[in-house]
Amino acid sequence: MEYRVLGKTGLKISRMGFGGIPIQKIDAEGTKTLMKQLSEAGINYIDTARGYTVSEEYLGYALEGLRDRFVLATKSMSRTKEGMAADIETSLKNLRTDYIDLYQVHNPTLEQIDEVIAPGGALEALLEAKAAGKIRHIGLTAHTTKVFEKALDCDWVETIMFPYNIVENQGEEMMRRCSEQNVGFIAMKPLAGGAIENGTLALRYICANPDVTVVIPGMADPKEIDENIAACSDTSPLTRQELAQMEEIRKQLGTCFCRRCNYCQPCTVEMNISGIFILQGYLQRYGLGDWARSRYDQMAVKASDCVECGVCETRCPYQLPIRDMLKKVAKDFGA
């Protein structure tokens, strides 16, 4: 496993880290098994968040006796000093630790960054926690290039997390600025929220970019760890065949697709929005039309049940036209 220094934090971390979203689907014991395997494999960077339901709690249990082997990162959606201070304390309790290596401002809008840095904003709580030794470094996560660019102008931001994958390279110019400014770059959504099925190809692409400090694929199955390590450890140049495969993926997906982050939920009519888009992908791209139709027919709330309230679109960090996309799904499935 290759190791990199995470920008100005000075933390030495594995090139591949662990994304903590999927462990919500398993349990605490399963998480403990994963952490032991990560430790044995030399992977020492773990990412989670206050918003990932039980993720912090599972990790806290799983890391008992292993805490000193990992660089631990989490994040909060709080924008006020009071809210951020409370979230930091909750994270410390959940993770069963007396310090967190990296605490990140989670997915703020441009306006919310101003709120974070204003008097009484979340930054005050982060700086106080840092001074007290409760957190050691401060970062920010973003989903839009405008927020990414603004974060690079904030001298308190030591790391930036942003989507980067075969079909999403809109941040490459600012990734280069991260390298120039010694800001650690954390690549999230390496498989575009699961839209890219070839994980080896996806990780090979990301690790070929020297501006990526660490990539954090989500993993819930031990075999995924072995497969991802193999991909991230393969430093051979990308082949013509791999480049051709990447181009085909770009043609298939385009840029207007669901990343399965589920920030759009809950739906007013209780529709499983990302689940519907997953089935559309199987229908269109993966040659599993009959299977996709049978699963879609079993759904209690279908795309045609959308009441077009638009609430989901206000929550989507990728600003997708979800209502129009659901109309396309309804047409594709004929319901």
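Looking at residues two or more places apart in sequence or on another chain, you find a salt bridge (Lys or Arg N to Asp or Glu O under 4.0 Å) between Glu242 and Arg204. Legend: residues meeting side-chain contact (heavy atoms from CB on, under 4.5 Å) with Arg177, ordered by chain and number and at least two apart, are Glu149, Leu152, Asp153, Glu180, Gln181.
For the residue pair Gln265 / Asn262, no side-chain donor-acceptor distance below 3.5 Å is found, with atom types taken as modelled. A side-chain N or O of Ser91 and one of Tyr103 form a donor-acceptor pair less than 3.5 Å apart. In the model, Asn44 has a side-chain atom that pairs as donor or acceptor with a side-chain atom of Ser14 under 3.5 Å. No side-chain donor-acceptor contact under 3.5 Å links Thr74 and Gln104.
Between Lys134 and Glu89, at least one side-chain nitrogen of the basic residue sits less than 4.0 Å from a carboxylate oxygen of the acidic one, meeting the salt-bridge criterion. A salt bridge links Glu128 to Lys81: one of the charged nitrogens lies within less than 4.0 Å of a carboxylate oxygen. The residues Glu64 and Arg96 are annotated as salt-bridged, a charged nitrogen and a carboxylate oxygen being separated by less than 4.0 angstrom. Ion pairing between a basic and an acidic side chain is recognised when a charged N comes within 4.0 Å of a carboxylate O; Lys328 and Asp332 show such pairing. The residues Lys150 and Asp114 are annotated as salt-bridged, a charged nitrogen and a carboxylate oxygen being separated by less than 4.0 angstrom.
A side-chain contact (heavy atoms from CB on, under 4.5 Å) with Glu313 holds for exactly one of Glu308, Arg323, Gln319; it is Arg323.
Judged purely by atom type and a 3.5 angstrom limit, Arg67 has no side-chain atom pairing as donor or acceptor with the backbone of Gly65.
Relative to the ring axis of Phe277, Arg260 does not place its NZ or CZ within 45° and under 6.0 Å from the centre. Geometric assessment of Arg136 against the ring of Tyr99 yields a positive cation-pi assignment under the 6.0 Å and 45° thresholds.
By the 4.5 Å heavy-atom criterion applied to side chains, Ile225 and Leu34 are counted as neighbours.
Ring geometry for Phe185 against Tyr164 counts as perpendicular: the plane angle is over 60°, on a 0 to 90° scale with 30° as the lower cut.
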Give the intermediate values and the outcome of side chain to side chain contact (heavy atoms under 4.5 Å, CB included) for residues His143 and Arg259.
CA-CA 11 Å; His143 287 81; Arg259 278 76 167 180; over 6 Å; no
